[in-house]
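Reckoned from all heavy atoms, side chains included, excluding hydrogens, waters and symmetry mates. Within every chain, numbering begins at 1; the chains are lettered A, B, ... in the order of the sequence lines, protein sequences first and strands thereafter.
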Number of protein chains: 2
Amino acid sequence: MKHPTQSDSDSPTVINDRLRPVVREGVLEVPGDLDLYHGGHLTGVHVAWRIEGPAGAPIVATLGGISAHRRVFGDKTGEGWWNEVVGPGRALDAALVRVLSFDYLGGSGETTGPRSGESFPGVSTYDQAELLLRLLNHLGVKALHAIVGASYGGMVALAFAERYPERVGEIVVISAADRAHPMATAWRSVQRRMLRFAASCGRAAEGLELARALAMATYRSPEEFAARFSGAPRKEAHGAVFPVEEYLFARGADYAARHQPEAFQCLSESIDLHQVDAGRIFVPTTAVAVREDQLVPVADVRRLVARLAHARLHEISSVYGHDAFLKEGAQLKPAFAAFLGSVA
Amino acid sequence: MKHPTQSDSDSPTVINDRLRPVVREGVLEVPGDLDLYHGGHLTGVHVAWRIEGPAGAPIVATLGGISAHRRVFGDKTGEGWWNEVVGPGRALDAALVRVLSFDYLGGSGETTGPRSGESFPGVSTYDQAELLLRLLNHLGVKALHAIVGASYGGMVALAFAERYPERVGEIVVISAADRAHPMATAWRSVQRRMLRFAASCGRAAEGLELARALAMATYRSPEEFAARFSGAPRKEAHGAVFPVEEYLFARGADYAARHQPEAFQCLSESIDLHQVDAGRIFVPTTAVAVREDQLVPVADVRRLVARLAHARLHEISSVYGHDAFLKEGAQLKPAFAAFLGSVA
């Protein structure tokens with residue numbers, strides 16, 4: 001497994017600057033074996049985590065898509081994966097709460113994940129939830145004030161709420177449901193087959209470029225693409241190159257330079273294996289559905305909410321489709337109001 | 001170029017059986033050069049065509065998607081690509097009209113197309129329209145009663161109507177518009193990149209499997225996939241295999257066994273290069289839009305109809321999405337009523 005560069009779990013780094021929120025980072029070494037929900041186990045698992053916010057403030061676990069990581073927000077653009085929505089004074093106000101996150105099991109971060117060229121056992125959203133539980137135990141956190149999860153993170157929030165209801169006050173689930181939609185599984189299974197094919201040609205990184213390019217198309221809405229990419233194609237030796245194609249493959253290449261194909265494979269499959277029992281979730285839930293989301297149709301979130309014991313639904317519209325959670329701070333703010341209101 | 005097995009153009013095969021419609025098949029050798037709309041030219045082009053229906057009946061050119069061919073219908077299931085909609089007594093009643101079709105330029109049929117492992121110049125829907133014109137001249141057909149075109153065939157119908165209005169009475173355009181939607185271009189450009197990548201690995205047929213599997217996902221609706229593919233995944237050594245994935249890749253493998261990667265590449269690109277000027281089309285047009293079509297959004301067909309001089313719009317609903325034209329005979333029948341009514 002990768003060796004994290006962070007400080008170890010017994011002495012988390014504490015950066016206390018009067019002008020800035022307290023930042024703590026660390027790596028939890030999970031003792032013994034971690035039994036996996038889909039079978040098998042892992043030994044020597046470590047989990048890279050980060051918490052940032054005013055000392056003593058309530059803790060909100062904040063979890064994103066399969067490419068998210070423990071650095072949720074930062075001072076500069078691009079420093080955190082959710083910088084447009086989370087931070088001091090932002091929609092999810094990190095001046096009021098402490099934001100906790102971790103690198104996913106099986107991902108490209110500093111938490112245990114696949115070694116290059118090797119496969120990794122199937123990872124469940126229940127496994128991610130268990131790592132979050134172990135993290136709370138390690139940090140001495142009796143209960144989270146809330147979990148805010150978007151996309152894959154929303155699935156992990158649901159899994160945590162089903163398993164450990166006494167450890168979280170409420171959850172906010174954005175663009176996620178109790179299981180994946182078969183059309184979304186279709187698109188992701190093509191991505192995974194492309195990756196496997198490319199790996200079998202000894203060109204895994206190029207497979208990740210292709211897979212990510214396809215994924216990018218599913219993250220946005222036809223309306224956004226129509227507005228941005230109506231220009232004429234460029235001619236190249238092998239044929240035409242269309243504006244939308246240049247965009248998708250520029251993003252694909254950028255992603256492939258920074259992520260591991262095997263990690264993408266693992267977490268992509270984890271999304272499609274996700275299945276929680278909504279009838280067994282009693283933690284108060286705010287669900288946010290985006291009408292233009294191609295991956296998580298509004299109907300699936302409505303069905304989830306109808307089956308939950310204590311849930312309300314926010315439906316929003318956004319040309320960003322599934323990516324709305326990264327962009328629509330103002331529209332998301334009301335979904336955070338309940339748990340932020342009680343600490344303001 | 002491939003050598004067709006059909007009879008040559010000077011003596012078309014005539015199969016006249018009193019119990020069956022008259023069938024004529026042939027191959028037109030286009031004299032001299034064929035100048036291509038996107039630049040360049042082809043020499044020695046031949047076009048494989050077929051016409052079937054009662055002797056002397058009005059002729060309706062019937063054109064389908066990029067995998068369609070000159071055999072539109074047959075006696076047995078699977079004999080023609082549009083067997084569920086076209087034939088004697090069917091929605092497009094081949095007891096009333098003669099059905100003319102041809103294998104597309106650049107495709108996998110008996111018309112001129114790419115040789116294995118070689119690229120082919122960019123093909124325009126205007127080029128296909130020109131081949132249809134040459135075919136009419138060859139067959140001595142002054143004007144078609146109608147063109148019925150679905151998907152790529154609808155684009156060719158629009159191109160023909162713009163260029164040769166005196167040679168067709170009306171057109172029916174199903175699930176096609178004046179240009180491709182950038183989201184559909186996004187999905188197809190990923191397919192073409194997958195093909196090129198696989199070809200560069202010396203495994204072009206596997207690339208076609210992947211590309212076709214992705215294409216299949218875009219042809220249907222999320223509703224249909226949700227109804228058909230909600231079962232649990234199978235476990236394999238490399239990970240989970242989902243029901244929708246088995247379906248897509250079974251269809252992909254079947255397709256790759258019967259089609260040429262270079263032809264798919266050529267006609268896929270031709271769709272994205274398609275662009276006609278709706279303001280210059282004066283042939284009466286019936287457009288059919290399918291609300292669940294992911295590739296050709298209803299809004300694009302509405303916009304097309306608003307710009308056409310003489311057009312009416314049929315909007316239908318179908319879980320088959322873009323593939324509705326292959327399945328929804330009863331819903332399509334009213335769109336054929338105008339031109340069939342005048343010959344009944």
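Residues meeting the side-chain hydrogen bond (donor to acceptor under 3.5 Å, both in side chains) test with A/Y247, sequence neighbours left out: none. With sequence neighbours left out, the ring pair (Phe, Tyr, Trp, His ring centres under 6.0 Å) criterion links A/Y126 to A/Y37.
Between B/R193 and A/E245 there is a salt bridge, with a side-chain nitrogen of the basic residue lying less than 4.0 Å from a carboxylate oxygen of the acidic one.
In summary, of the residues considered (B/T185, B/D272, B/V190), a side-chain contact (heavy atoms from CB on, under 4.5 Å) with A/V244 occurs for B/T185 alone.
Contacts of B/R228 with chain A are absent, with no heavy-atom separation under 4.5 Å from either backbone or side chain. Within the 4.5 angstrom heavy-atom criterion, only side-chain atoms of B/F242, from C-beta onward, approach chain A. Of the two parts of B/L214, the backbone and the side chain both hold a non-hydrogen atom closer than 4.5 Å to a non-hydrogen atom of chain A.
One distance of note links CH2 of A/W187 with CZ of B/F225; it measures 9.0 Å at 0.5 Å rounding.
Interface check for chain A: of the options B/G252, B/A240, B/A198, B/G239, the most heavy-atom pairs under 4.5 Å are formed by B/A240. Looking only at heavy-atom pairs under 4.5 Å with chain A, the residue among B/E206, B/H238, B/H181 that has the most is B/H238. Chain A forms the most heavy-atom pairs under 4.5 Å with one residue out of B/R192, B/M194, B/R196, and that residue is B/R196. Chain B forms the most heavy-atom pairs under 4.5 Å with one residue out of A/Q191, A/R179, A/H38, and that residue is A/R179. Options A/P297, A/A184, A/S189 differ in how many heavy-atom pairs under 4.5 Å they form with chain B, and the most are formed by A/S189. Ranked by heavy-atom pairs under 4.5 Å with chain A, the first of B/S221, B/G202, B/A226, B/P121 is B/A226. If you tally non-hydrogen atom pairs under 4.5 Å between each of A/G122, A/S230, A/A299 and chain B, the highest count goes to A/S230. The choice from A/S200, A/A180, A/S119 that makes the most heavy-atom pairs within less than 4.5 Å of chain B is A/S200.
Heavy-atom contacts from other residues, nucleotides or ligands closer than 6.0 Å to CZ of B/R291 number more than 12.
Between A/F197 and B/F197, the ring planes are perpendicular. Angles over 60° get that label, and only those under 30° would be called parallel.
A/M183 is listed as a side-chain neighbour of B/Q294, based on a closest heavy-atom distance under 4.5 Å.
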